[in-house]
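Labels below follow one simple rule: chain letters A, B, ... track the order of the sequence lines, proteins then strands, and each chain is numbered from 1. As the structure is a prediction and not an experimental result, all values here were calculated from the model.
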There are 2 protein chains.
Amino acid sequence: MVKNSNSRREDSLTRERIIDASIDILDGSGESGLTFRALAQRLATGAGAIYYHIDNKGDLLTSACDTIVARTLQTTAPDTTPRDAIRAAALSMFDAIDAHPWIGSALNQAPGQLPVVRIMERLGQQVAAMGVPEDAQWSTVSALLSYILGVSGQNAANAHYGRARGVDRSTFLAQVATAWSELDADAYPFTRRVAAGLREHDDRRDFDVGLDLILNGIDAAARGR
Amino acid sequence: MVKNSNSRREDSLTRERIIDASIDILDGSGESGLTFRALAQRLATGAGAIYYHIDNKGDLLTSACDTIVARTLQTTAPDTTPRDAIRAAALSMFDAIDAHPWIGSALNQAPGQLPVVRIMERLGQQVAAMGVPEDAQWSTVSALLSYILGVSGQNAANAHYGRARGVDRSTFLAQVATAWSELDADAYPFTRRVAAGLREHDDRRDFDVGLDLILNGIDAAARGR
DNA sequence: ACCTGAACACCGTTCAAGT
DNA sequence: ACCTGAACACCGTTCAAGT
């Protein structure tokens with residue numbers, strides 16, 4: 001903080017600048033667009049220079065993800081009920097993944113790493129505040145976290161799939177809906193029944209409803225004994 | 001079925017043989033071990049020959065995953081309560097992912113594809129049997145599916161991480177636990193408190209508890225109105 | 001200490017050529 | 001119809017050489 005205050009040279013290579021450039025590339029071209037060559041070109045440097053500041057590609061992706069997660073959780077309302085705080089944090093994560101789909105994939109590749117821990121910590125503090133007994137807090141938080149990461153991963157995969165095929169999200173969902181409606185009627189009655197509605201479903205609302213289901217279960221267990 | 005009954009030539013290349021070989025490689029060397037070159041060598045053929053039977057690597061991975069998922073769901077007990085049937089299906093999926101960690105990753109890369117649909121269909125039929133009203137079935141199934149896929153993905157990532165570092169699962173978890181216990185005490189009280197217990201936690205039991213939480217929420221909602 | 005960029009050891013995929 | 005295997009267009013990562 002004190003010494004080496006601001007980088008005098010505007011173009012000096014720092015870990016922060018590398019991560020910011022990575023986020024730009026990831027937002028613009030998706031996960032497959034982030035290569036060391038593309039990154040080096042954007043930063044007007046050599047590919048090898050990046051390794052002076054970054055361990056490897058996994059480190060780069062996790063750090064970029066962590067920047068977004070930290071930013072996202074920071075801007076979440078603090079003084080509400082624990083349950084509302086969990087919901088607010090989860091929904092703001094959903095929105096962040098909607099805006100940066102690659103995060104969903106990055107989170108699922110970084111078990112126990114900082115970005116996941118940030119989410120876990122937020123959940124854990126609020127689960128404790130909800131009155132969940134101490135010996136049940138871990139599994140409760142795990143359940144919430146798994147649910148959030150599961151939705152994240154699927155959203156990321158949907159975005160990735162759509163991008164790869166060069167179609168937008170809704171046309172991709174329409175293709176899936178068509179495929180589902182053509183499945184065998186005896187073996188897949190539920191999937192066929194649900195296929196038609198797939199197009200007009202609101203993912204964010206579905207996420208919220210599922211969250212409510214889990215929170216109800218937690219509340220019941222916390223009050224139950 | 002009728003014509004071309006059994007491949008006369010023991011070594012003729014078929015889609016099925018390719019997928020079986022892929023499963024062997026994935027089980028033995030993980031996702032990064034599955035390359036077209038390694039596969040071609042194992043099948044004593046050229047790399048390009050595989051493309052005559054398989055669209056691309058994604059298709060290959062999804063198909064290999066689907067083989068395991070189909071096998072897994074097939075061997076699940078049929079005549080129990082809907083709730084028990086959901087639990088049995090989910091736990092057998094957990095065990096399958098434990099045995100073949102790459103499935104967790106494959107499932108999360110194949111949204112709306114056959115292996116995921118198989119799980120969804122199973123869940124959907126039992127959710128309907130639980131008495132969940134029709135207009136709530138989709139979001140209910142989505143919640144269960146997201147939870148299962150979330151746990152899958154994390155298990156797969158844990159296995160992948162461990163393999164990459166050349167350590168087994170428990171030493172990897174021990175490393176994570178150490179890192180967690182060294183986090184800032186003010187910012188990460190929950191994570192630090194939980195770090196010590198990470199080593200001896202039973203993932204399968206945690207998964208079961210979380211599942212119960214969601215199923216309780218579903219039961220309450222189904223009876224509630 | 002920090003950066004350069006060629007080189008290494010791989011990938012998935014294609015495609016002319018074979019049978 | 002099915003297979004071969006060289007070739008193409010990439011990757012992440014390393015490392016001698018520069019400043």
Side-chain angles (χ1 to χ4, degrees), chain A residues 3-19 21-22 25-26 28-65 102 105-106 109-110 160-161 163-166, chain B residues 3-19 21-22 25-26 28-65 102 105-106 109-110 160-161 163-166:
Chain A
K3 65 174 177 179
N4 198 7
S5 53
N6 307 34
S7 50
R8 291 179 313 266
R9 291 180 52 200
E10 188 64 28
D11 59 341
S12 78
L13 203 58
T14 63
R15 190 178 164 87
E16 198 194 354
R17 272 193 73 224
I18 293 171
I19 289 169
S22 299
I25 292 176
L26 287 161
S29 323
E31 199 170 342
S32 66
L34 181 66
T35 67
F36 279 82
R37 283 166 181 81
L39 191 52
Q41 197 189 356
R42 191 188 196 92
L43 291 164
T45 182
I50 296 162
Y51 280 90
Y52 198 88
H53 303 273
I54 297 287
D55 286 347
N56 50 50
K57 194 173 181 180
D59 177 31
L60 182 59
L61 198 60
T62 302
S63 298
C65 176
W102 53 271
S105 157
Q109 283 168 52
H160 180 266
Y161 236 86
R163 181 192 292 280
R165 299 193 176 183
Chain B
K3 65 176 176 178
N4 198 8
S5 54
N6 307 36
S7 51
R8 291 178 315 266
R9 290 180 55 200
E10 188 65 27
D11 60 342
S12 78
L13 203 56
T14 62
R15 191 178 163 87
E16 197 193 354
R17 273 193 72 224
I18 294 171
I19 290 169
S22 299
I25 292 176
L26 287 161
S29 322
E31 199 172 340
S32 67
L34 181 66
T35 67
F36 279 83
R37 282 165 181 81
L39 192 51
Q41 197 189 355
R42 193 190 195 91
L43 291 165
T45 182
I50 296 162
Y51 280 89
Y52 198 88
H53 303 272
I54 297 287
D55 286 348
N56 49 51
K57 195 174 179 180
D59 177 31
L60 182 60
L61 198 60
T62 302
S63 298
C65 176
W102 52 272
S105 158
Q109 284 168 53
H160 180 266
Y161 236 87
R163 181 193 291 279
R165 300 193 174 184

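In this structure, CD of A/Q41 is placed 14 Å from C1' of C/dG5, rounded to the nearest angstrom. Distance CD1 (B/I18) to P (D/dC3): 8 Å, rounded to an integer number of Å.
The side chain to side chain donor-acceptor pair (under 3.5 Å) check on A/S105 picks up A/E31, A/Q109, with sequence neighbours excluded. Scanning for side chain to side chain contact (heavy atoms under 4.5 Å, CB included) contacts around B/A106 gives B/L61, B/C65, with sequence neighbours left out. With sequence neighbours left out, B/S63 forms a side chain to side chain donor-acceptor pair (under 3.5 Å) with B/R15, B/D59. With sequence neighbours excluded, no residue satisfies side chain to side chain contact (heavy atoms under 4.5 Å, CB included) with A/Q41. Among residues two or more places apart in sequence or in another chain, the side chain to side chain contact (heavy atoms under 4.5 Å, CB included) test is passed with B/R37 by B/T35. Scored by the side chain to side chain contact (heavy atoms under 4.5 Å, CB included) test, A/S32 finds no partners at all (sequence neighbours excluded).
Within the structure, ring-ring contact (aromatic ring centres under 6.0 Å, His included) contacts touching residues 29-65 of chain B (residues at least two apart or in different chains) are B/F36-B/Y51.
The shortest distance between the side-chain N/O atoms of A/Y52 and the OP1/OP2 oxygens of C/dC2 is below 4.0 Å.
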### Query
Reading DNA chain D 5' to 3', what string of ( ), [ ], | and . shows its pairs, if Watson-Crick and G-U wobble pairs count only when both distances fall under 3.5 Å?
||.|||||...|||||.||
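Applying the side chain to side chain contact (heavy atoms under 4.5 Å, CB included) test between A/S22 and each of A/L43, A/L60, A/I54 identifies A/L60 as the sole match.
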### Base versus backbone protein contacts along nucleotides 7-18 of chain C [heavy-atom cut-off under 4.0 Å; B, S, -]
B---BBBBB---
